[in-house]
Amino acid sequence: GLTLATRAATLDNLPPPTATTGQLLTALAPKNFDPTDVVALSGGHTIGISHCSSFTRRLYPSQDATMDKTFANNLKAACPQAAAVDGTVNMDIRSPNLFDNKYYVDLMNRQGLFTSDQDLYTDSRTRGIVTGFAINQSLFYEKFAVAMVKMGQLSVLTGSQGEIRGNCSRRSTGVESVLESAVEEAVEILAGF
């Protein structure tokens, strides 16, 4: 686009961590995402961190029954109820710095951080997909790629309606975008071979 998305528009298109599988499927169906796409995209949580405020409703005042007790106790230690600072934890406890299928293993062990994560294994409509991805990393990679391509095709703006940005948080300046300049530079380098 030619303008940055507003916070409200961004949040309207981003399901909250408290969403159930039913809410995820309903919200993403109009965007042409099927249950496999939804579970695959959720696998992006295999990398990254979360603020405690995004999941402490599952810990306090009482623990979510779908959460493993040891996992909950570890989260409580990292995110005390009366904490003055909103701490952070890894979203995937098995391999927080690797993009792999361990997030799904977490879900099978009742160690999903968000309701929107754990409910994917609790809900019968998506449980088999979670299990399939947990035991077959290649399948997860394949389906994640398909879902990401679908996401990249949402509301594409062409011509004068949009621009390609070298830095997503800034408008391109001048006649040429940063990306166009990089492409031209690459073509020049390749021409030298």
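None of these values were measured; they are calculated from a predicted model. Side chains are part of it too, since the values below use all heavy atoms of this structure and drop only hydrogens, waters and symmetry mates.
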Asks: What's the shortest heavy-atom distance between Asp86 and Ser53, and which atoms?
Replies: OD2-OG, 2.7 Å
Asks: Between Cys79 and Val89, which heavy-atom pair has the shortest distance, and what is it?
Replies: SG-CG1, 4.1 Å
Asks: As a quick check of understanding, evaluate side chain to side chain contact (heavy atoms under 4.5 Å, CB included) for Arg127 and Thr122, giving each step before the final call.
Replies: CA-CA 6 Å; Arg127 185 181 190 125; Thr122 305; over 6 Å; no
Asks: Measure the shortest side-chain to side-chain distance between Gln137 and Asp100 over non-hydrogen atoms and say whether it is less than 4.5 angstrom.
Replies: yes
Asks: Can you measure from CD (Gln63) to NZ (Lys76) and round to the nearest 0.5 angstrom?
Replies: 5.5 Å
Asks: Mind listing the closest non-hydrogen atom pair of Lys69 and Arg110 along with its distance?
Replies: N-NH2, 4.3 Å
Asks: With a 4.5 Å cut-off on side-chain heavy-atom distances among I, L, V, M, F, W and Y, is there a chain of contacts connecting Leu139 to Leu120?
Replies: yes
Asks: Please say yes or no: joined through hydrophobic side-chain contacts below 4.5 Å, possibly via intermediate residues, are Leu25 and Phe133 part of one cluster?
Replies: yes
Asks: Evaluate salt bridge (charged side-chain N to carboxylate O under 4.0 Å, His left out) for Asp37 paired with Lys150, printing each intermediate quantity in order.
Replies: CA-CA 9 Å; Asp37 297 324; Lys150 277 187 179 181; 2.5 Å; yes
Asks: In terms of hydrophobic clustering (I, L, V, M, F, W, Y; side-chain heavy atoms under 4.5 Å; direct or indirect links), are Val38 and Leu154 co-clustered?
Replies: yes
Asks: Can you find a pair of side-chain heavy atoms, one from Leu59 and one from Asp64, that are under 4.5 Å apart?
Replies: no
Asks: Taking atom CZ as the centre, does Arg125 end up with more than 12 heavy-atom neighbours from other residues, nucleotides or ligands that are less than 6.0 angstrom away?
Replies: yes
Asks: Of all heavy-atom pairs between Phe55 and Leu113, which one has the smallest distance, and what is that distance?
Replies: CB-O, 3.5 Å
Asks: Would you indicate whether the side-chain heavy atoms of Ser116 and Leu24 approach each other to under 4.5 Å?
Replies: yes
Asks: Same hydrophobic cluster for Leu41 and Met91, using side-chain heavy-atom links shorter than 4.5 Å among ILVMFWY?
Replies: no
Asks: Could you tell me which residues satisfy side-chain hydrogen bond (donor to acceptor under 3.5 Å, both in side chains) with Asn101, sequence neighbours excluded, listed by chain and number?
Replies: none
Asks: Flag yes if Phe33 and Phe114 sit in one hydrophobic cluster, no otherwise; membership is Ile, Leu, Val, Met, Phe, Trp, Tyr, and two members link when side-chain heavy atoms are under 4.5 Å apart.
Replies: no
Asks: Would you call the rings of Tyr141 and Phe99 parallel, tilted or perpendicular if under 30° counts as parallel and over 60° as perpendicular?
Replies: parallel
Asks: Output the distance between atom CE (Met151) and atom CG (Asn32), rounded to the nearest 0.5 Å.
Replies: 12.5 Å
Asks: Which one of Thr46, Ile129, Asn109, Val130 satisfies the side-chain contact (heavy atoms from CB on, under 4.5 Å) criterion with Tyr104?
Replies: Val130
Asks: Which heavy-atom pair separates Cys52 from Thr88 by the least distance, and what is that distance?
Replies: SG-N, 4.2 Å
Asks: Taking Thr26 for the side chain and Gly22 for the main chain, is one N or O donor matched with an acceptor at less than 3.5 Å?
Replies: yes
Asks: Okay, side chain of Gln23, backbone of Ala27: is any donor-acceptor separation there less than 3.5 Å?
Replies: no
Asks: Is there a side chain to side chain contact (heavy atoms under 4.5 Å, CB included) between Met108 and Tyr121 once you walk through the steps?
Replies: CA-CA 7 Å; Met108 292 179 70; Tyr121 188 67; 3.5 Å; yes
Asks: Where is the tightest heavy-atom contact between Pro96 and Arg94, given as atom of each residue plus distance?
Replies: CD-C, 3.7 Å
Asks: Distance only, no hydrogens: is a donor on one side chain within 3.5 Å (strictly under) of an acceptor on the other, for Asp117 and Tyr103?
Replies: yes
Asks: Classify the side-chain pair Thr21/Asp119 by whether it contains a donor and acceptor separated by less than 3.5 Å.
Replies: yes
Asks: Between Gln118 and Arg58, does any side-chain donor sit less than 3.5 Å from a side-chain acceptor?
Replies: no
Asks: Calculate, to the nearest 0.5 Å, the distance between atoms CG and CG belonging to Asp106 and Asp92 respectively.
Replies: 4.5 Å
